[in-house]
Amino acid sequence: MNKLINDPSTVVSDALRGIAAVHPDLHVDHENRVVRRADAPVRGKVGLVSGGGSGHEPLHAGFVGPGMLDAACAGEIFTSPVPDQMVAATKAVDGGAGVLHIVKNYTGDVMNFEMAAELAEAETGVSVVSVVTDDDVAVQDSLYTAGRRGVGVTVLVEKIAGAAAEEGRPLAEVADVARKVNGNGRSMGLALTSCTVPAAGKPTFDLPDGQMEVGIGIHGEPGRRRVPTAPAAEIAEMLVQPILADLDFTGGDGVIAFVNGMGATPLIELYVMYQEIAALLSKAGVSIARSLVGPYITSLDMAGCSVTLVRADDEILRLWDAPVQTPALRWGR
Amino acid sequence: MTHSVDAAAVTAWLREFARLVAENKGLLTELDSAIGDADHGTNMDRGMTAVLAALDGEAGKSPAALLKRTGMTLVSTVGGASGPLYGTAFLRMAAAAGDADGLDAGSFAKVLRAGLDGVVARGKAEVGDKTMVDALTPAVDALDAALAGGQPLGEALPAAVRAAEQGREATIPLVARKGRASYLGERSAGHQDPGATSVTMLVAAAAKALGA
């Protein structure tokens, strides 16, 4: 394991000190491992809280700021944060209009956020609504699994619901917008290498040269199947076809197309992938209204990418275009 | 009344569980890396280390107080799915223990079953899903059966350990239906479940600390 760390057990707290040093407009509560807008709580605005295991940077702390999240809770690497952290974040960002929890559908995240919402409501009376993202089409038979994983769409839900909250809309409406984006979003991912969790010290799974994992999540968990490596054009097919087979993306106002790097894939490869994906979508009659390319929801040092499509309407596009000012997404102001 | 499970015995149980988790931290993480996300050992070890520190300030408290403190500490320090599952188990055990200074064998079995019910309620898993429930359920059943058959706790607990071990081994061929392993589908078969492994240590720790 070759990593820029001091000690596996201090990676998360050392990184949070870094975030605090780089971004004076964020406040870092080191005891609770909560990163929040320095100006939170914003009076009368619905507070947005998300969080999850660390190792997915810039998700979630990189999306804290005006127009997106009010706070993010950082768990240990790939481990859900604990309820105490989420309760602290919820209290810190409640501006009187309630708090939305954005939760990725992973067993640990769901259970810890569930306990946190109960505790926060019982302790302070703040209204909490949770929206669970579950966009991963690699999870086929959700009757026999924990349900579809929440992956790439989470970034888009945070941005778009964040814009709705910034408009001063009430909690129920912000939650509806979040659910609409999730319901219209589908993702599929692929790994060219495993990642290495610092505490484990070696790659999570063993991937021989010339093989790749199709249908991975974001925690180094192996995918649905292993296949020989292929040119980008074929990989694009493997990612796009299951998405298009799952939901009709034609018509309407087009899609937001998000090509995400898993952490160790350079942008040049993501651009190669984007043009293949754009060609496939064009052939399928799907028009791209907006796009986002880069490493936004990563899996430590895993190489590979994921594709997320969100079927957009006028409201989704307007909220997507709204100003945002966070460490990792920044436009319009 | 024989084999009263008092505060000292509960403390010994928790210390032995912490020791087993620490000793097998690598094994738990290795099992988890095959079908999960490679953190079960480090997470449980972090939690039980915190529990040991918390217990230092709780000497002489009732079994329920110790179990509650353990549950809350695990919820607050473990994270992932194991935190809420183990945390809920201990909180339910605390509630079932009431305010007694000591538990007889039958009461202890009820306490353990309350923990199992808590895990089932929180995780919505059943036997066969390839989770900690697969080892804990047969263990609790075996404990009840042995006590009903007139065996003392010192013999009933080893029977519970054997049942837990069998349940743990039985997870190997299963296809996971809960947790992150479920995303692997058929590829999860052939691997021992890490949760079933750690909960077997919990039962083994009870046999060692309470069975004498």
Side-chain angles (χ1 to χ4, degrees), chain A residues 8-9 52-53 55 73 75-85 87 106-116 119 136 138-149 194-206 213 215-226 299, chain B residues 25-26 28-47 49-50 71-88 91 119 121-125 128-131 174-188 191 195:
Chain A
S9 64
C73 311
E76 288 296 328
I77 302 269
F78 292 173
T79 300
S80 161
V82 300
D84 304 25
Q85 296 175 266
V87 170
Y106 276 97
T107 308
D109 294 81
V110 170
M111 284 195 282
N112 283 286
F113 267 107
E114 223 171 67
M115 294 182 94
L119 288 170
D136 187 357
V139 179
Q140 286 154 346
D141 200 344
S142 55
L143 269 182
Y144 299 102
T145 65
R148 284 183 169 175
R149 294 176 285 221
S194 170
C195 54
T196 297
V197 177
K202 58 181 173 50
T204 302
F205 58 88
D206 183 34
E213 287 272 344
I216 46 127
I218 52 171
H219 301 93
E221 61 268 48
R224 296 286 300 197
R225 62 201 164 95
R226 184 167 286 187
S299 191
Chain B
K25 182 167 99 169
L28 292 175
T29 290
E30 196 180 308
L31 292 173
D32 195 25
S33 69
I35 55 173
D37 51 358
D39 64 2
H40 190 52
T42 38
N43 287 347
M44 288 302 294
D45 187 46
R46 184 175 60 246
T49 302
M72 291 177 61
T73 305
L74 291 176
V75 168
S76 300
T77 55
V78 177
S82 312
L85 290 170
Y86 270 99
T88 302
L91 291 174
V119 172
R122 180 65 66 192
K124 299 171 189 80
D129 283 348
K130 199 177 180 100
T131 71
L174 292 176
V175 173
R177 290 196 296 244
K178 290 284 172 189
R180 273 182 208 171
S182 72
Y183 298 127
L184 289 179
E186 297 291 334
R187 289 174 77 186
S188 64
H191 299 281

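Just so we're clear, the structure is a prediction, and the values are computed from it rather than from any experiment. Residue numbers begin at 1 in each chain, while the letters A, B, ... track the order of the sequences.
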Any chance you could lay out the salt bridge (Lys or Arg N to Asp or Glu O under 4.0 Å) test for B/Lys25 and B/Asp45, step after step, and finish with the verdict? CA-CA 7 Å; B/Lys25 182 167 99 169; B/Asp45 187 46; 3.5 Å; yes

Chain A contact via [X] - which portion, at a heavy-atom distance below 4.5 Å:
X: B/Thr77; result: backbone
X: B/Val175; result: neither
X: B/Arg122; result: both

Determine the option with the most heavy-atom pairs under 4.5 angstrom with chain A, choosing from [options].
options: B/Val78, B/Thr88, B/Leu85, B/Val75; answer: B/Val75
options: B/Ala181, B/Pro84, B/Ser33, B/Gly83; answer: B/Pro84
options: B/Gly87, B/Ala34, B/Gly41, B/Gly80; answer: B/Gly80
options: B/Thr42, B/Ile35, B/Leu184; answer: B/Leu184

A/Met115 side, atom CE; B/Leu91 side, atom CG - distance, nearest 0.5 Å: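 Interatomic distance, A/Met115 CE to B/Leu91 CG, rounded to 0.5 Å: 6.5 Å.
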
With a 4.5 Å heavy-atom cut-off, do [X] and [Y] have their side chains touching?
X: B/Asp39; Y: B/Asp32; result: yes
X: A/Phe205; Y: A/Arg226; result: yes
X: B/Met44; Y: B/Ser82; result: yes

For a side-chain contact (heavy atoms from CB on, under 4.5 Å) with B/Thr131, tell me which candidate from B/Lys124, B/Lys178, B/Arg177 qualifies.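 One option only clears the test, and that one is B/Lys178.
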
With chain B, which of A/Asn112, A/Thr107, A/Val197 has the greatest number of heavy-atom pairs at distances under 4.5 Å?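 Ranked by heavy-atom pairs under 4.5 Å with chain B, first place is A/Asn112.
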
Among A/Gly75, A/Gly52, A/Pro83, A/Pro8, single out the residue with the greatest number of heavy-atom pairs under 4.5 Å to chain B.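 Greatest number of close heavy-atom pairs with chain B: A/Pro83.
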
Which bit of A/Glu114 comes within less than 4.5 Å of chain B, counting heavy atoms only: side chain, backbone, both or neither?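 Side chain only.
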
Does A/Arg149 count as lying over the ring of A/Tyr106, i.e. NZ or CZ under 6.0 Å from the six-ring centre, within 45 degrees of the axis?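 Cation-pi check for A/Arg149 and A/Tyr106: fails.
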
